[in-house]
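First the proteins, then the strands, lettered A, B, ... as listed; each starts at 1.
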Protein chains: 2
Amino acid sequence: MHTLEDFKTQVDLSRKAICEDLYASCRDQIQVKKKPTALRNLERIIDSTLELANRTGFQAMTLRDLSRHSGLSMGALYSYIGSKEELVRLIQEHGRHLSARVIYDCLEGVEGPAARMAAAIRAYVYLTHILQDWFYFSFMEARHLGREQMEAALQGDLRTEATFAGIISDGQRAGLFADVDPHLTAAAINAMLQDWYLKRWKYRRLEVTPDQYADHLINMTAAILAADMRASASPVGGGAAF
Amino acid sequence: MHTLEDFKTQVDLSRKAICEDLYASCRDQIQVKKKPTALRNLERIIDSTLELANRTGFQAMTLRDLSRHSGLSMGALYSYIGSKEELVRLIQEHGRHLSARVIYDCLEGVEGPAARMAAAIRAYVYLTHILQDWFYFSFMEARHLGREQMEAALQGDLRTEATFAGIISDGQRAGLFADVDPHLTAAAINAMLQDWYLKRWKYRRLEVTPDQYADHLINMTAAILAADMRASASPVGGGAAF
DNA sequence: GTCTATACAACGATAGAC
DNA sequence: GTCTATCGTTGTATAGAC
């Protein structure tokens, strides 16, 4: 799996497929029992929420806005969601599960630290590219969740980094990677990955494709982890590294 | 200037100094004319806004909350701010100006691409460390501004990256840096810098000091820009870079 | 210069007709 | 299963006493 097109053929991330998955996981909370109808309206609600909330924030989006944009009345809306707060929880939670599963699948069977690192980066770029609005929403609105849900979001981020840190540690033990700090380096990779969906406007303006971005990230990571460069993981002072 | 302590002695970023600066730039909009009183209350308002808004978002913070937390009544509040929306504009605008000035000062007189790169990274880490809450607020609440103000925020981000891209280009012309894409690499550095104030909890948990973070960032950047590694700026496929 | 009291709009949420 | 009408609450903002 080396391109976005490859990725798309292997993982179905259409809004329809995701909403079907989402419906299955919370059908007991939805009062509408006719599946095709429920599915269609749930998709509208999710779509509208992401679009409106990503424009000016979830708090700024009123349910009347959502009602108008989704084409459902206020009453109909409430036969799908329990409350406004539950809507944000639903989206976030499902996104985390989806993300974890996709990354896990993409790394399965890939052998060797270098290949695994490249595959993980590629998978994240493609995943977050296709679900840009979903990830942007999750990042920006994580604060509006309750304590236990926010802790879950935190853990999700840490697990992402743990994946990268683990690959780096493996590579170091195998003598393939430089002796940099695994956690700090993993955090840096994570930050660069998040930039892709947090600053969509910028990369659109630069006309950078997902494939180019993934390639560039892999190149930078390779440079950082190049074993022949530095011997020490401990910070050095004064920019002497140059 | 090679440590946070160095930085602190050269740049006064105490809340008091900043609010004094802020007061000077908008005293015509403040109805209270007694300077010491106005200064003290303005500082309370800014402090409370940053604390409350950074907890659950600016939209979620009500002016009643702000009134209670700052110790000022609703009426008193409105003799300092014109509206809730103007408050967010005030903070953002002033932060941008302050940031631009500090970075400019820190780079003045520094010669050579490598030293300039290190100095710029260091200045940003220290600046955003001291004004964590201010930068966190600016990033998260940029969406709540009007169109022209939001465009200004965008331009601020682009100018930051243009600074880094310029240094990279200079280094490439001098044959010191690898032939990577200046814009994409600058964007990556920017993303890693922003991670420092966007994920405070993580670096606090890892017990990473600002100096360590700056050093690590400089090391990574040095590795990415190391001239002897790669010859091509165009992306290569399939993780072959490793 | 700061306070309390209040105006008025808009919010999330629900009840009951269809 | 979806709608309209309406509830009670809470928001921003202001007026006028002190």
What distance separates [X] [atom1] from [Y] [atom2], expressed to the nearest 0.5 Å?
| X | Y | atom1 | atom2 | answer |
| --- | --- | --- | --- | --- |
| A/Ile18 | A/Arg15 | CD1 | CZ | 5.5 Å |
| B/Thr49 | B/Leu77 | OG1 | CG | 7.5 Å |
| B/Glu86 | B/Cys26 | CD | SG | 8.0 Å |

Scan A/Ser73 against the nucleic acid and name what it touches under 4.0 Å (heavy atoms): base, sugar-phosphate only, or nothing.
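Base contact - A/Ser73 has a heavy atom under 4.0 Å of at least one base atom.
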Looking for any heavy atom pair under 4.0 Å, which part of the strands does B/Ser79 touch: base, sugar-phosphate only, or nothing?
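No contact.
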Picking from [options], which would you name as closest to the side chain of [X]?
| X | options | value |
| --- | --- | --- |
| A/Thr62 | D/dA13, C/dC11, D/dT2 | C/dC11 |
| A/Ala76 | D/dA13, C/dT14, D/dC3 | D/dC3 |
| A/Tyr80 | C/dT2, D/dT2, D/dT14 | D/dT2 |
| B/Thr37 | D/dT6, D/dC3, C/dT2 | C/dT2 |

Quick check: any donor-acceptor pair below 3.5 Å linking the side-chain of B/Arg64 to the base of D/dT12?
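A donor-acceptor contact between them is present.
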What is the distance, to the nearest angstrom, from the [atom1] atom on [X] to the [atom2] atom on [N]?
| X | N | atom1 | atom2 | answer |
| --- | --- | --- | --- | --- |
| A/Tyr78 | D/dT4 | OH | C1' | 16 Å |
| A/Leu72 | D/dT4 | CG | C1' | 15 Å |
| B/Arg40 | C/dG1 | CZ | P | 11 Å |
| B/Leu66 | D/dA13 | CG | P | 12 Å |
| B/Lys84 | D/dG11 | NZ | C1' | 8 Å |
| B/Ile81 | C/dT2 | CD1 | P | 14 Å |
| A/Leu42 | D/dG1 | CG | P | 14 Å |

Exceeds 12 heavy-atom contacts within 6.0 angstrom, atom CD of A/Gln29:
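Yes.
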Give a yes or no on this: more than 12 heavy atoms of other residues, nucleotides or ligands lie within 6.0 Å of atom CD of B/Gln10.
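Yes, CD of B/Gln10 has more than 12 neighbouring heavy atoms, counting only those of other groups under 6.0 Å.
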Reading DNA chain C from 5' onward, which residue's closest nucleotide shows up sooner: A/Met74 or B/Lys34?
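Looking at DNA chain C, the more 5' nearest nucleotide goes with B/Lys34.
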